[in-house]
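Naming convention: chains lettered A, B, ... in sequence-line order (proteins, then strands); numbering from 1 in each chain. Computed from a predicted structure; not experimentally measured.
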Amino acid sequence: MKTVIKTKDLTKIYNSSVAPVKAVNNVSLEFGEGEFTAIVGPSGSGKTTFLNLIGGLDKPTEGQVIIDDTDISNMKESKLFDFRLKNIGFVFQSYNLIPVLTAKENVSFIMLLQNQAKEAMEKRAVEMLEQVGLSDKIDVRPSKLSGGQQQRVAVARALASKPKFVLADEPTANLDTESAFNLLDIMSRLNKEENITLIFSTHDQRVIDRARRIITLVDGAVSKDEAFDR
Amino acid sequence: MKTLIKISWRNIWRNKTRSVVIIVAIVLGLMGGVFGAAMRLALEKQQFEDTIETQISHIQIHHPEFIANPEARFHISDGLEIASDLNKRDDIKVASPRIVFDGMAATANLNAGVRIKGIDTEIEDKTTGLEELIIEGSYLIEEGRIPSIIIGRRLAEKLNTAVGSRMVLTFQDIEGEVINASFRIEGIYSLPSRTFEERKVFVKNTVINEIIGDAKAVSEIAIVINNPDDFRSVASELQNAYPDTRVRHWGDLQPSLYYSLEVLDEALIWILIIVIMAVSFGLLNTILMSILERARELGMLLAIGMKRAKIFSMIVMETTIISLFSGVVGLLMSYGMISILNNTGVPIPGGDGLSELGYASVLYPSLETGFYFQIVVVLVVFAVLASIYPAWKAIRLQPAEAVRQE
Ligand SMILES: Nc1ncnc2c1ncn2[C@@H]1O[C@H](COP(=O)(O)OP(=O)(O)O)[C@@H](O)[C@H]1O
Ligand SMILES: [Mg+2]
């Protein structure tokens with residue numbers, strides 16, 4: 001299996017006013033193409049920090065993040081913007097969508113930033129919204145959607161531009177159980193069907209067992225790394 | 001680009017109350033500024049018309065001594081020839097020769113100091129439009145047995161006299177001898193200027209010249225030029241052509257009016273710049289508030305790869321749209337307001353005092369269309385400047401920080 005993301009001795013130290021915090025501590029991991037991985041651990045264990053580092057949103061204090069042979073840990077900021085835009089899909093816990101745009105416009109937006117042709121991107125946006133089961137919400141604005149539906153639009157957007165991998169930081173944290181399961185089902189299906197590498201973090205016991213690989217962080221360090229066949 | 005405009009436009013209407021408040025503030029600010037500017041312009045124009053057009057004319061020529069001693073003996077040699085030469089010039093509309101001197105006017109038991117102006121009735125009418133100013137009786141047309149005189153309304157009140165009554169003038173003749181002459185009040189004129197009404201009396205030059213003993217004496221030539229903007233160059237040309245005389249343009253004669261008109265154009269735009277600066281600070285505050293509220297969303301946009309430059313231009317765009325929108329609305333309303341006021345006129349409080357100084361007490365504000373465009377440009381420039389700080393704040397967000405859920 002081809003390796004998409006590789007971290008080497010990845011460390012992030014926050015210099016807070018009280019004492020330095022080792023949010024990510026010496027993490028060396030590899031993520032293969034098509035993986036569906038959960039990063040789990042209690043709150044404060046470094047999940048968000050880790051995802052921000054491999055997503056190029058934050059700079060490591062030490063170590064490297066290598067994506068398809070490109071070391072992004074020392075990439076210039078302006079290059080990182082382009083890199084993220086082309087290679088990484090993001091789903092956050094909330095505030096994923098532009099409130100003044102409809103579901104379709106939100107999904108198209110990422111492709112617009114990539115300067116894709118208008119017709120192709122609209123077609124793709126509709127297709128992706130169908131994939132996440134929102135074909136009837138295409139022209140609806142986020143405020144008229146439920147939390148679960150909003151997260152599905154975010155997933156559709158993250159996948160629409162065919163990134164190398166998708167990072168989802170606690171995507172189900174604000175969702176009720178049914179919506180949480182539903183979102184994970186969709187993510188799992190898209191992972192298989194589109195062969196998209198998907199990494200999500202969670203401390204939500206309900207959805208952990210959907211993942212095919214579970215990495216447990218404790219105090220910023222990897223304590224367990226298990227694979228499941230499902 | 002199109003999507004950016006669409007997002008900006010919709011963002012403006014996200015917090016309707018806030019946007020409406022700032023739009024109303026800009027609209028009212030513009031209306032106030034435009035009103036102030038138009039009123040000021042109208043006041044100056046009115047003053048110009050009242051003072052220059054009906055009283056002073058653009059240029060006056062005198063005997064140099066006459067200015068300190070307004071007596072008949074200080075007259076311009078060959079004054080009539082000079083006046084007729086001037087009337088042939090292309091740049092001069094009309095040149096009115098007058099014989100002018102100070103004297104005393106008396107009725108049965110009252111008297112007052114006056115300035116007597118002997119005029120060529122036809123030419124004078126073209127110069128100051130005296131005939132139109134007559135409110136009682138008639139202009140100096142017929143010559144009866146007793147020569148006619150036209151006096152101001154205030155003088156008539158002061159001397160308690162009326163059209164048809166006698167008036168005796170006492171003055172020095174060409175040799176400096178004191179003489180008396182009797183006139184019949186033919187007409188009474190009225191002007192916004194009370195001092196003018198009280199002091200200036202008009203008689204026919206032919207009549208008065210005969211009385212003072214010099215048929216051709218001219219002590220003042222009042223000139224109206226074709227292009228009022230050329231008053232400086234024409235005046236200096238005339239001074240060179242007639243070196244024995246003293247040529248003064250209206251700026252020399254009314255220096256305070258001259259300087260206030262001189263700085264007017266600049267003053268107008270400054271009034272508006274100040275108003276626009278004030279509303280721009282309001283705008284800055286509004287945009288800043290909306291940026292801070294949207295920090296998460298903007299962080300998300302930065303995270304997914306929207307470049308800082310694009311975010312920056314999106315925010316500048318929002319400000320530009322909101323300022324253009326309120327600018328156009330504000331100026332349309334200002335334009336409507338000025339058009340209405342231009343018809344109805346605006347009475348100035350304390351207008352009586354102004355009338356004492358020689359100015360009208362009702363103003364008709366108006367502005368050139370170009371001025372409105374200038375305002376829109378200034379407004380948008382300031383709005384864009386005001387958006388730079390909030391936009392800069394926005395692009396300084398760190399995506400990793402902004403998207404963190406605490
Ligand atoms: N900007 C920061 N400054 C200082 N400490 C931080 C900052 N961000 C996160 N931390 C600390 O780093 C640790 C890991 O945080 P985080 O990655 O958010 O964990 P998780 O996502 O698993 O809850 C926590 O102890 C947190 O308090
Ligand atoms: Mg977290």
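B/Lys307 has no carboxylate O lying under 4.0 Å from a charged side-chain N of A/Glu77, or vice versa, which leaves the two without a salt bridge.
In this structure, chain B has no heavy atom under 4.5 Å from any part of A/Ser108. There is no contact between A/Phe83 and chain B, counting heavy-atom distances below 4.5 Å. Using a 4.5 Å cut-off between heavy atoms, A/Glu170 does not touch chain B at all.
In terms of heavy atoms, B/Arg14 sits closest to A/Val100 at CD-CG1, 3.3 Å.
The closest side-chain heavy-atom distance from A/Ser78 to B/Arg308 is not below 4.5 Å. Between A/Leu101 and B/Arg10, the closest side-chain pair of non-hydrogen atoms falls below 4.5 Å. Looking only at side-chain heavy atoms (C-beta outward), B/Arg296 and A/Phe92 stay at 4.5 Å or farther from each other. Using a 4.5 Å cut-off on side-chain heavy atoms (C-beta onward), B/Lys310 and A/Leu113 make contact. Looking at A/Asp58 and B/Gln398, their side chains never come closer than 4.5 Å, going by heavy atoms from C-beta outward.
Under a cut-off of 6.0 angstrom, the local environment of OH in B/Tyr335 is sparse, with at most 12 non-hydrogen atoms contributed by other residues, nucleotides or ligands. More than 12 heavy atoms of other residues, nucleotides or ligands lie within 6.0 Å of CE in B/Met337, so this atom counts as buried by the packing criterion. Annotation for B/Phe373: atom CZ does not count as buried by contact number, only 12 or fewer foreign heavy atoms lying within 6.0 Å. With a 6.0 Å radius and a threshold of 12 heavy atoms from other residues, nucleotides or ligands, A/Asn25 has its CG atom above the threshold.
Interatomic distance, CG of A/Leu112 versus CD1 of B/Ile7, reported as 7.5 Å (0.5 Å rounding). B/Leu302 contributes atom CG, which lies 4.5 Å from atom CZ of A/Phe81 (distance to the nearest 0.5 angstrom). Rounding to the nearest 0.5 Å places CG of A/Asn96 at 11.0 Å from CD of B/Glu297. A/Gln114 contributes atom CD, which lies 9.5 Å from atom CD1 of B/Ile304 (distance to the nearest 0.5 angstrom).
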Practice problem: Show the numbers, then the answer: is there a side chain to side chain contact (heavy atoms under 4.5 Å, CB included) between B/Met300 and A/Ile98? | Solution: CA-CA 9 Å; B/Met300 179 275 294; A/Ile98 304 172; 4.2 Å; yes

